[in-house]
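Here the structure is laid out as structure tokens; the discussion comes afterwards.
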Amino acid sequence: MTVVIGFEGSANKIGVGIIRDGEVLSNPRRTYITPPGQGFLPSDTARHHRAVVLTVLKEALDQAGLQPADIDCVAYTKPGMGAPLVTVALVARTVAQLWGKPLLGVNHCIGHIEMGRLITRANNPTVLYVSGGNTQVIAYSERRYRIFGETIDIAVGNCLDRFARVLKQISNDPSPGYNIEQMAKGSQYVELPYTVKGMDVSFSGILSYIEEAAHRLLTSDQCTAEDLCFSLQWQETLFSMLVEITERAMAHCGSQEVLIVGGVGNLRLQEMMAVMCEERGAKLFATDEFCIDNGAMIAQAGWEMFRSGQVTELEDSWVTQYRTDEVEVTWRP
């Protein structure tokens, strides 16, 4: 049996997960939460990760009932926020050298995809990857995860987070997107721009519009904060745009499966995607508790990569930004 430990810390969550041949043995994490109306800065986030990473590592080993000698490979996440990534890479490099284990850098998006494939057993899905830093529609072909559509400016999660700061009343605990979803229930629709460009989407114009309009609409009692949450996230706007480009990618690929991964893959997005899938006779898969950044997803992608013969030499174990489709997928036919 192959046991891989994975370190995730590309944004405001630090997690350590352990996978043994498709079984999640442990997956603790901590989240850096800022006050309402504030985002998380890279330097502060890195400081948080440094303060708790060794505690999370001990929890992961204790929950799994394993010792360092039981670990076969140490995996860590690469693309993301620079300062938090450096913290995670330093710990992963140190642990790999102390334990005498191979090291493996993992693409963050591919970690989400491989975790989704593991827990849902989806065969060859069209993937919608939605998070604070990314929005991509992806399908596998010829040893690459090909990007069929994406945001041309900011990510959907970033759009929601920045909207939450506009209202200044939405908590960051557990996340702005989750709290926007709760506020959006049972409200009325306010018309907002809808921007789909072929297979791509644009969110910056919608954000600019709602930043300008929010104060005017709220102070004149034309709508409530709940109405704005509903309108931005729900019907005919952000999530409808995502469903549209996902359906177009499915048609192009002849796919009958959709897998939603990433921290914005909430219940409302799943509901809307399920309607589209039902109309096409397709199946929807969602990662639910594993949609939020976690160490187990890095461990699972690392497990796949390690068993296919990949390792990262110490001199190559830097942190950098690179796209999903730059990775050669050596573990799939």
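Throughout, numbering of the chain's residues begins at 1 and tracks the sequence.
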Checklist entry - Between His112 and Tyr129, what is the ring plane arrangement, given parallel below 30°, perpendicular above 60°, and tilted in between? => result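 His112 and Tyr129: tilted rings.
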
Next on the checklist: For Gln136, run the side-chain hydrogen bond (donor to acceptor under 3.5 Å, both in side chains) check against Asp325, Thr324, Asp200 and tell me which one passes.
Outcome noted: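 Of all the options given, the one that passes is Thr324.
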
From [atom1] ([X]) to [atom2] ([Y]), nearest 0.5 Å:
X      : Y      : atom1 : atom2 : value
Cys109 : Tyr322 : SG    : OH    : 10.0 Å
Ile33  : Ser171 : CD1   : OG    : 7.0 Å
Leu267 : Tyr178 : CG    : OH    : 8.5 Å
Gln300 : Ile298 : CD    : CD1   : 11.0 Å
Ser255 : Tyr140 : OG    : OH    : 14.5 Å

Next on the checklist: Using the rule given for salt bridge (Lys or Arg N to Asp or Glu O under 4.0 Å), can you reason through Arg29 versus Glu59, listing the C-alpha separation, both sets of side-chain angles and the distance that settles it, and then say yes or no?
Outcome noted: CA-CA 9 Å; Arg29 67 171 175 253; Glu59 287 180 6; over 6 Å; no

Checklist entry - So among Leu228, Ile170, Asn266, Leu167, which one has a side-chain contact (heavy atoms from CB on, under 4.5 Å) with Ile180? => result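 With Ile180 as partner, Leu228, Ile170, Asn266, Leu167 yield a single side-chain contact (heavy atoms from CB on, under 4.5 Å), made by Ile170.
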
With heavy-atom distances below 4.5 Å as the criterion, would you say the side chains of [X] and [Y] are in contact?
X      : Y      : value
Asn294 : Glu289 : no
Leu160 : Val264 : yes
Glu313 : Val311 : yes

Closest non-hydrogen atom pair between [X] and [Y], with its separation:
X      : Y      : value
Gln321 : Leu85  : NE2-CD1, 4.1 Å
Pro36  : Lys168 : CB-O, 4.0 Å
Leu218 : Cys223 : CD2-O, 3.6 Å

Checklist entry - In terms of heavy-atom contacts, does CD of Glu326 have more than 12 from other residues, nucleotides or ligands at under 6.0 Å? => result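 Atom CD in Glu326 is packed in, count exceeds 12.
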
Next on the checklist: Go through it in stages, so that I can follow the logic: the residues are Tyr194 and Glu244, the test is side-chain contact (heavy atoms from CB on, under 4.5 Å), and I'd like the CA-CA distance, side-chain angles, deciding distance and then a yes or no.
Outcome noted: CA-CA 11 Å; Tyr194 184 100; Glu244 178 181 334; 2.6 Å; yes

Item to check | Derivation and outcome, ring pair (Phe, Tyr, Trp, His ring centres under 6.0 Å), residues His49 and Tyr32 | outcome: CA-CA 8 Å; His49 290 2; Tyr32 174 52; 7.8 Å; no

Which donor-acceptor pairs under 3.5 Å do the side chains of residues 114-121 make with protein atoms, sequence neighbours left out?
from	atom 1	to	atom 2	distance (Å)
Glu114	OE1	Arg117	NH1	2.6
Glu114	OE2	Tyr145	OH	2.5
Glu114	OE2	Trp331	NE1	3.0
Thr120	OG1	Gly116	O	2.6
Thr120	OG1	Ala122	N	3.2
Arg121	NE	Leu118	O	3.3

Item to check | Verdict with supporting geometry, Glu8 and Thr77, side-chain contact (heavy atoms from CB on, under 4.5 Å) | outcome: CA-CA 5 Å; Glu8 160 58 33; Thr77 193; 3.2 Å; yes

Next on the checklist: Evaluate Asp161 against Arg165 for salt bridge (Lys or Arg N to Asp or Glu O under 4.0 Å), listing each step before the verdict.
Outcome noted: CA-CA 7 Å; Asp161 290 350; Arg165 291 177 223 166; 5.3 Å; no

Next on the checklist: side-chain contact (heavy atoms from CB on, under 4.5 Å), that's the test. Do Met273 and Gln270 meet it? Break it down for me.
Outcome noted: CA-CA 5 Å; Met273 195 69 74; Gln270 292 176 35; 5.8 Å; no

Checklist entry - Could you go step by step and tell me if Gln310 and Thr330 meet the side-chain contact (heavy atoms from CB on, under 4.5 Å) rule? => result CA-CA 8 Å; Gln310 293 192 41; Thr330 56; 2.8 Å; yes

